K.L.:
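This is the structure, below, for whatever I ask next.
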Amino acid sequence: MKQLMCVVVLALMAPHLIAGDCDTKGVIVKKSFLQSVHDCTEYLQIPKERLMQYMANEFPPDDETKCLLFCVGVDLGWWNNTCGLQVPSIVSYFQPVQGDKQYEKRTKECLERRVGAIESPNSCCQAYETFQCYFQEFGNLVTCPQYVRLTKLQATQAALDCLVMLRYPADLLKVYASGKVEDSPETRCLYHCIDLRTGMYTPNGISLTAFYVRDTAYNDFRYLSKETKACRDRIRQSGCDKCTEVYKTHRECLNGLGEKAYTSGLIIAASKIALTNLGVACAPEACAGHPTYHPTHPPTKPTYTPKVYTTTKQPCSVCNNRYEAAKHYPSPAASVEPAVALSYSNRKPATTCTKCVMGQVYNLPFVAYKAPSCSCNRCTARQY
């Protein structure tokens with residue numbers, strides 16, 4: 001009875017959980033799984049009585065639920081229609097059971113068996129089966145809000161906001177727009193602003209977990225290695241200012257990890273937009289009594305010679321499963337490759353119609369749901 005009351009209260013509080021009382025900066029998004037479930041029931045106009053079922057961790061294999069979980073996957077960043085599963089984003093929502101050393105192996109085998117059986121390009125079914133493998137084999141759902149990666153468009157807007165707020169002059173914007181993002185006090189503070197605004201920089205310094213999720217398509221576990229953490233901590237404890245701390249961490253600790261030149265690419269794109277916006281005047285009545293600001297000081301030039309940092313990581317396509325091996329950095333989910341949900345054309349299960357063998361289930365509320373035995377439906381009934 002107490003558990004039922006908890007579910008009822010949680011469902012009633014869901015709208016307030018979305019708004020929350022969080023004090024966040026910029027475009028940072030942290031969201032829990034249940035918040036996303038609530039939002040997606042609204043987006044898809046699913047009856048509210050079904051929300052109670054989902055809040056109790058019951059996800060039956062009907063079309064409505066499958067497309068709900070597809071929506072959740074897109075909303076939380078762990079599903080992409082082009083690349084399929086985005087491992088760093090989904091693992092942040094599951095906590096393996098202490099002492100369990102087989103969860104990676106079981107999850108991978110489940111993906112091969114269940115997602116690999118889907119022949120039609122049904123994104124709802126693929127996302128649903130992917131979620132079920134993590135739900136049943138990887139660990140328990142994490143209830144706390146987790147960092148949700150921004151799209152490149154959102155991150156570019158954050159960089160543009162920083163350029164405007166820091167009031168950088170057109171001359172400097174032209175330098176950035178030309179592709180030259182060189183070391184200078186202005187560049188260092190721009191890196192700091194962008195990382196702060198997008199959630200990469202926290203009161204505890206650079207968040208390596210956030211960087212790992214940000215570059216989710218690369219699944220680069222070196223972000224989480226002891227060596228990277230030690231490098232970050234060394235710079236943070238050196239006593240330098242925050243702008244220098246962020247910039248040096250990017251150059252000395254994160255260079256060559258994940259997506260190449262991600263932040264500098266944001267700066268170049270945002271500078272081009274900022275220069276375009278400078279030529280667009282607001283309505284005269286909107287600006288009455290507010291004189292236009294004209295910076296009187298040119299950008300400060302660095303008094304030191306910028307270092308050249310070589311890149312060790314070779315560029316590669318996001319979706320072609322060519323990821324740089326990280327032999328010296330053991331990963332918590334190294335056996336699960338990104339985009340695995342769309343790469344099983346040559347690996348089919350021995351039988352196409354089997355009973356629902358759930359294996360060792362950790363999310364106990366799901367066990368209470370008596371699902372019917374699996375049919376031969378290969379998810380071809382409805383296309384999304």
Side-chain angles (χ1 to χ4, degrees), residues 3 6-7 10 17 30-38 40 53-61 65-66 68-80 84-116 126-149 207-214 216 219-221 223-225 326 329-341 356-369 371:
Q3 183 179 9
C6 180
V7 172
L10 184 58
L17 290 173
K30 284 191 175 183
K31 204 169 190 178
S32 71
F33 177 80
L34 292 182
Q35 284 176 310
S36 183
V37 167
H38 181 275
C40 283
Q53 184 180 28
Y54 299 144
M55 290 293 183
N57 283 355
E58 295 180 8
F59 304 99
T65 303
K66 290 177 181 180
L68 170 87
L69 288 172
F70 166 77
C71 173
V72 171
V74 173
D75 186 42
L76 298 181
W78 56 259
W79 184 263
N80 180 290
L85 173 63
Q86 306 291 283
V87 173
S89 293
I90 197 170
V91 297
S92 65
Y93 285 93
F94 291 92
Q95 178 62 48
V97 175
Q98 187 175 8
D100 183 4
K101 298 181 180 180
Q102 299 296 318
Y103 65 93
E104 298 173 1
K105 180 176 181 290
R106 289 197 311 272
T107 303
K108 182 179 180 181
E109 291 175 349
C110 179
L111 290 170
E112 293 175 351
R113 181 176 65 255
R114 297 182 65 161
V115 183
Q126 290 172 326
Y128 175 82
E129 296 297 344
T130 297
F131 170 80
Q132 289 290 21
C133 285
Y134 278 86
F135 186 74
Q136 296 169 18
E137 307 294 351
F138 196 90
N140 289 307
L141 274 170
V142 175
T143 57
C144 300
Q146 302 297 312
Y147 179 80
V148 180
R149 64 182 292 270
S207 172
L208 298 177
T209 301
F211 273 91
Y212 174 58
V213 173
R214 185 199 73 177
T216 185
N219 199 18
D220 197 333
F221 293 102
Y223 277 125
L224 308 179
S225 70
Y329 311 106
S331 86
S335 62
V336 185
E337 298 178 353
V340 69
C356 291
V357 180
M358 295 301 180
Q360 190 172 2
V361 180
Y362 297 113
N363 294 276
L364 296 180
F366 181 79
V367 181
Y369 172 74

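What you see below is based on every heavy atom in this structure, not just the backbone, and it leaves out hydrogens, waters and symmetry mates. Keep in mind it's a predicted model, so treat the numbers as computed, not measured.
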K.L.:
Between Y134 and V87, is a side-chain contact (heavy atoms from CB on, under 4.5 Å) present by the stated rule, with each step listed?
P.N.:
CA-CA 10 Å; Y134 278 86; V87 173; 4.2 Å; yes
K.L.:
Are V115 and L85 side-chain neighbours, meaning at least one heavy-atom pair lies under 4.5 Å?
P.N.:
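With C-beta onward as the side chain, the pair stays apart.
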K.L.:
Could I get the full list of side-chain contact (heavy atoms from CB on, under 4.5 Å) partners for T143, not counting sequence neighbours?
P.N.:
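In terms of side-chain contact (heavy atoms from CB on, under 4.5 Å), with neighbours along the sequence ignored, T143 is linked to no residue.
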K.L.:
Between E104 and K108, does at least one N-O distance fall below 4.0 Å, as a salt bridge requires?
P.N.:
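Salt bridge absent between E104 and K108.
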K.L.:
Can T209 and Y147 be said to form a side-chain contact (heavy atoms from CB on, under 4.5 Å), step by step?
P.N.:
CA-CA 9 Å; T209 301; Y147 179 80; over 6 Å; no
K.L.:
Is the shortest side-chain heavy-atom distance between F94 and L141 below 4.5 Å?
P.N.:
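Of all side-chain heavy-atom pairs linking L141 with F94, at least one is under 4.5 Å.
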K.L.:
List the residues meeting side-chain contact (heavy atoms from CB on, under 4.5 Å) with C110, not counting sequence neighbours, and say none if there are none.
P.N.:
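In terms of side-chain contact (heavy atoms from CB on, under 4.5 Å), with neighbours along the sequence ignored, C110 is linked to R113, R114, C133, E137.
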K.L.:
With a 4.5 Å cut-off on side-chain heavy atoms, are P60 and Q53 touching?
P.N.:
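Sidechains of P60 and Q53: in contact.
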K.L.:
Is there a donor-acceptor pair under 3.5 Å between the side chain of Q146 and the backbone N or O of C144?
P.N.:
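Here the side-chain-to-backbone pair exists.
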K.L.:
Sequence neighbours left out, what passes side-chain contact (heavy atoms from CB on, under 4.5 Å) with V74? Give chain and number order.
P.N.:
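If we apply the side-chain contact (heavy atoms from CB on, under 4.5 Å) test to V74, skipping adjacent residues, the hits are F70, W79.
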K.L.:
Start with the C-alpha distance between F59 and V72, add both sets of side-chain angles, then the distance that settles side-chain contact (heavy atoms from CB on, under 4.5 Å), and finish with yes or no.
P.N.:
CA-CA 12 Å; F59 304 99; V72 171; over 6 Å; no
K.L.:
Ring pair (Phe, Tyr, Trp, His ring centres under 6.0 Å) for F135 and F33? Distances and angles first, verdict last.
P.N.:
CA-CA 12 Å; F135 186 74; F33 177 80; 7.8 Å; no
K.L.:
Calculate, to the nearest 0.5 Å, the distance between atoms CZ and CG belonging to F211 and D220 respectively.
P.N.:
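Reported value, rounded in 0.5 Å steps: 12.5 Å.
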K.L.:
Is there a donor-acceptor pair closer than 3.5 Å between any side-chain N or O of T65 and the backbone N or O of P61?
P.N.:
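Checking the backbone N and O of P61 against the side chain of T65, no donor-acceptor pair under 3.5 Å is found.
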